[in-house]
Amino acid sequence: MKAIRRFTVRTVLPESIAPLSRLAKNLRWSWHRPTEQLFADLNPQAWETVHGDPVKLLGSLTREEIQQIADDPDMVRRIEELDADLDHYLGDALWYQQTQSPDGPRSIAYFSAEYGITSVLPQYSGGLGILAGDHLKSASDLGVPVVGVGLFYQHGYFKQSLSRDAWQQETYPVLDPDGMPLTLLREEDGTPARVTLPLPNGRSLSAQIWRADVGRVPLLLLDSDIADNDDHARNVTDRLYGGGGDHRLQQELLLGMGGVRALRVFSRLTGTPDPEVFHCNEGHAGFLGIERIAELMEPVDGTEPMTWEEALTAVRSATVFTTHTPVPAGIDRFERSQIEHFFNAGLAPSVPTANILALGTEDYDGGDRAKFNMAVMGLRLAQRANGVAKLHGKVSRDMFQGLWCGFDNDEVPIGSITNGVHVMTWIDPLVAELALDPQGSDLNRAARWRKVYDADDAQLWAVRRELRARLVRDVRARLRASWKKRGAADAELGWTDTVLDPDVLTIGFARRVPTYKRLTLMLRDPQRLKKILLDPERPVQLVVAGKSHPADEQGKRMIQDLVRFTDDPEVRHRIVFLPNYDIAMARTLFPGCDVWLNNPLRPLEACGTSGMKAALNGGLNLSVLDGWWDEMYDGQNGWAIPTADEGAHPDERDDIEASALYELIENHVAPRFYGEAADGSDPSTDGIPHQWLAMVKHTLATLGPRVSAKRMVEDYVRALYVPAAVSGRRAARDGYTGARTKSRWVGRVRQGWGQVAVEHVDAEGVEQEPQIGDEITVCAYVSLGSLTPEDVEAQVGYGRVSETDHIHERKYAGLTATEDLGGGRYKFCGAITIDRSGPFGYTVRVLPHHPLLADKAELGLVVNA
């Protein structure tokens, strides 16, 4: 029998234990172990049944069980203490309040298409979402005033299972927001708050706003599944990354434009300050900038309307854009006609559609002018941009160099802030007890991690074995459940009781499964892999997990190939594939693995934070030098997999790198784990691999503070949020006088830039045999047309030159206008000192100059001699 109506009945708690509801609703429990343990202790069996979900746990308790809890004085005391602790956490002055000057923004809006906070709120697919969740958690722990904005997906991402022939299968369970740690944002009269966007053909798209409390950080999730919408509009927020074309575009319009409107509603209803900085995490939310421009061009508060150029200048000044994409194919692109179709429906009536189209146009060499590129729009709408690792910053500068023609790639204004992971979410309590000083402070994070050096090797080795044993138990249960879904009977599954061994070297590999991550590189030589797994003296076991996008047939084929290998009775006790990889699985998988494997195609890994989570638990990384590992590998915290030359054929490259992987495991990783010393001498006599544990301690002490998302968020505050807030305030001061003045200057400079030319360059002081220390006076004769010397900066660039006369290791020195030659022509002069031997050269260039420019390349304008 099927219900004709469904609703959620709320649990009414006695007053003495009423704080349980508040503790369950604030997602801090997902990383605050005492609170999580409290819920587990209320009813351990029910806790297992609801898969660690406090809201569902409270909803599952009977009236008698609730009364028993209320009558238990010890339990009541724990609840009161944890409620008081949450009060302190939410109200105390933390790092941000203690260290930031008044320049710090009062509120920061953080937009992301997905958030991975806890498995009970499945609104994430992979690394981007986990990163966004860790960003919010760490902002909360530091007291940074962030407000998150995203979408609530009615089916979340898909659940993964396997067919009998090892093919990935997807299911999309319906999520009930009323049964989740969410609160519906309501108007003062109790009606649900709404935001609405006009759509073509007289239709509209409305959304209600769910609020999740991530510690101190409110997260607003827009949900289109409401009666106000027609069937198509109701399904806009159906699935994360589901559908394509107009469906995906409407999701991104709702996230960006609807998200800004939701922020305005939230500020009005709660008194939260309007955001001073807007952070667009990847291009999905790029339309937030269009909504903010529309607000300024058609204000509702009586202020003077701004022109497109003025509003664009104001919006850019306070916008940060983060790209996570290392390849052009990973960027969302729409047909220009789609964008035109939707904006002509009145989404932003005051904003010229042609100007919006220009923001996303690929008007550079190799671009497709018929496409609208979301990352290109994101970069053009933000005054500050970054990649997510040092190497990824370089890759991004190379990828988007066409937007800044005339500048060398290293001058493209895209910096980098290396991702981090939220420590208390991902570190196991057993490791935290050994490695983290409980009295440590965020003001000296590195010192807090040095406690691990005091740990006894025997104690550390015992902890590592316990974590491995816990993983083995979890793997056996998951594997058995997976096989039953594949159609196996209980009688066939006795072998799962002996899968893996808690005393065997365990290597983990878990991530999304696009082709560039090379899930099946380990299968390049199946017989050699079998030999490694079955080595009688130094065996190895592998735990693999990961999902392929439902539309990625090649990724699904890779999963099938791997699972078929793991099904082989000869090796199935040594290698397993676990379907439905999620946060709950990861929290056992990372601590239980001794080594974390990562073998992407370099340099296509933007950051790759899974290896960071392993490092937090003493796992050693075995990885290609890509993403974060490229900058943090030091020779003692793991192993670097050598890569083939760039010009190698793909098959040759995979052969070379797979062979290198096998060799490292056989001759370095396994011997060290089983106690052999670095010099190849005999294993230790006490059964404890001391040199392995020395690497574990070094990893925890040195990588722990560096891979922390607190470090990451602090970097964002200092390098991007504070400067963006200062720029935004300057632009907005006195009725946006700064933005209006700068936009007029930009318009004048762009209009006159075609007349700027370096006509001639002279140099004095160059001897026939120049020596280090000689000073050269360089004078450039520059035509500025309608511009003035105050509008520009003339520079001499100098340094070592190559055989093609390209200047390497260059430096720049300013040239001063020394003479007005008339007719818009000026003489600029300055001195440089020869500071190196060998081939040396110089050149001259002219750039726009204005105090409100964040970077010399911001406008993309330069004239080179």
Side-chain angles (χ1 to χ4, degrees), residues 8 10-11 13 17 19-62 65-66 69 75 78-79 82-83 85-86 115-124 129-130 133-134 136-137 140 156-157 159-160 173 175-182 212-215 219 421-432 466-467 470-478 480-482 510 545 578-592 613 616-617:
T8 300
R10 297 289 186 186
T11 302
L13 298 172
I17 60 172
L20 279 174
S21 179
R22 177 179 181 233
L23 292 170
K25 278 293 183 71
N26 193 304
L27 292 171
R28 186 201 182 206
W29 63 259
S30 67
W31 72 90
H32 187 246
R33 304 288 179 170
T35 305
E36 187 178 35
Q37 190 60 50
L38 167 72
F39 287 110
D41 291 344
L42 292 179
N43 187 324
Q45 185 175 353
W47 182 249
E48 291 292 326
T49 302
V50 300
H51 305 293
D53 183 337
V55 173
K56 287 184 178 178
L57 175 75
L58 295 182
S60 72
L61 298 176
T62 65
E65 289 171 327
I66 291 171
I69 295 168
M75 189 63 74
R78 279 179 70 185
I79 294 168
L82 287 169
D83 187 50
D85 181 76
L86 180 60
Y115 289 91
I117 297 165
T118 164
S119 57
V120 308
L121 191 63
Q123 302 289 302
Y124 61 95
I130 300 297
D134 284 3
L136 298 195
K137 293 174 185 177
S140 174
Y157 202 46
K159 285 187 175 292
Q160 178 197 42
L175 302 177
D176 176 14
D178 282 316
M180 304 175 83
L182 300 170
D213 287 306
V214 188
L219 170 59
V421 296
H422 185 254
V423 172
M424 297 316 296
T425 293
W426 301 110
I427 192 171
D428 190 272
L430 294 177
V431 178
E466 170 56 30
L467 297 174
R470 189 187 303 168
L471 173 62
V472 169
R473 292 192 294 271
D474 190 57
V475 165
R476 291 173 180 174
R478 291 179 182 274
R480 187 178 186 89
S482 173
L578 302 179
N580 207 40
Y581 178 48
D582 65 0
I583 290 175
M585 181 192 296
R587 290 180 74 184
T588 303
L589 178 57
F590 288 117
K613 301 178 185 87
L616 286 179
N617 290 284

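As a basis for the values below, the full set of heavy atoms in this structure was taken, side chains included, without hydrogen atoms, waters or symmetry mates. Keep in mind it's a predicted model, so treat the numbers as computed, not measured. Positions are given from 1, in the same order as the sequence printed here.
The main-chain N or O of Gln160 is found under 3.5 Å from a side-chain atom of Asn580 such that the two form a donor-acceptor pair. A donor-acceptor pair under 3.5 Å links the side-chain atoms of Glu65 to the main chain of Thr62, judged by distance alone. With hydrogens and angles disregarded, a donor-acceptor distance shorter than 3.5 Å links the side chain of Tyr124 to the backbone of Ile583. Side chain of Asn617 to main chain of Gly592: no donor-acceptor pair is present (N/O by atom type, distance under 3.5 Å, no hydrogens or angles).
Here Arg78 pairs with Gln37, Leu38, Asp41, Met75 under the side-chain contact (heavy atoms from CB on, under 4.5 Å) rule; sequence neighbours left out. Considering only residues two or more places apart in sequence or on other chains, Asn26 meets the side-chain contact (heavy atoms from CB on, under 4.5 Å) condition with Arg28, Leu86, Leu90, Asp213. The side-chain hydrogen bond (donor to acceptor under 3.5 Å, both in side chains) check on Arg33 picks up nothing, with sequence neighbours excluded. Applying the side-chain contact (heavy atoms from CB on, under 4.5 Å) test to Ser482 and every residue at least two apart in sequence or in another chain returns Leu162, Arg486, Pro579.
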Would Leu589 and Leu471 count as a side-chain contact (heavy atoms from CB on, under 4.5 Å) if you check the C-alpha gap in whole Å, the side-chain angles of each, and the deciding distance to 0.1 Å? CA-CA 6 Å; Leu589 178 57; Leu471 173 62; 4.0 Å; yes

Is there a salt bridge (Lys or Arg N to Asp or Glu O under 4.0 Å) between Arg470 and Asp474 once you walk through the steps? CA-CA 6 Å; Arg470 189 187 303 168; Asp474 190 57; over 6 Å; no

Stepwise side-chain contact (heavy atoms from CB on, under 4.5 Å) check, Val431 with Phe590: CA-CA 12 Å; Val431 178; Phe590 288 117; over 6 Å; no

Checking side-chain contact (heavy atoms from CB on, under 4.5 Å) for the pair Ile427/Met424: CA distance, chi angles, key distance, verdict? CA-CA 6 Å; Ile427 192 171; Met424 297 316 296; 4.2 Å; yes

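Residues Leu27 and Pro181 approach most closely at CD2-CG, 3.6 Å, considering heavy atoms. Residue Pro591 comes nearest to Leu467 through the heavy atom pair O-CB, 3.5 Å, listed as atom of the first residue, atom of the second, then distance. Nearest heavy atom pair, residue Lys137 against residue Ile117, reads NZ-O, 2.8 Å.
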Going by atom type alone, with no hydrogens or angles, which donor-acceptor pairs under 3.5 Å involve a side-chain atom of residues 51-58 and a protein atom two or more places apart or on another chain?
residue	atom	partner	partner atom	Å
Asp53	OD1	Val55	N	3.0
Asp53	OD1	Lys56	N	3.3

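Expressed to the nearest 0.5 Å, how far CG of Asp83 lies from OG1 of Thr35 amounts to 9.5 Å. The structure places CD1 of Ile79 at 7.0 Å from CD1 of Ile69, a figure rounded to the nearest 0.5 Å.
Residue pairs meeting the ring pair (Phe, Tyr, Trp, His ring centres under 6.0 Å) criterion with at least one member in residues 20-49, sequence neighbours excluded, are Trp31-His422.
Thr425 is not listed as a side-chain neighbour of Thr118, based on a closest heavy-atom distance of 4.5 Å or more. Annotation: side chain of Leu175 is not in contact with side chain of Leu121 (no heavy-atom distance under 4.5 Å). Between Tyr115 and Leu136 the shortest side-chain heavy-atom distance falls below 4.5 Å.
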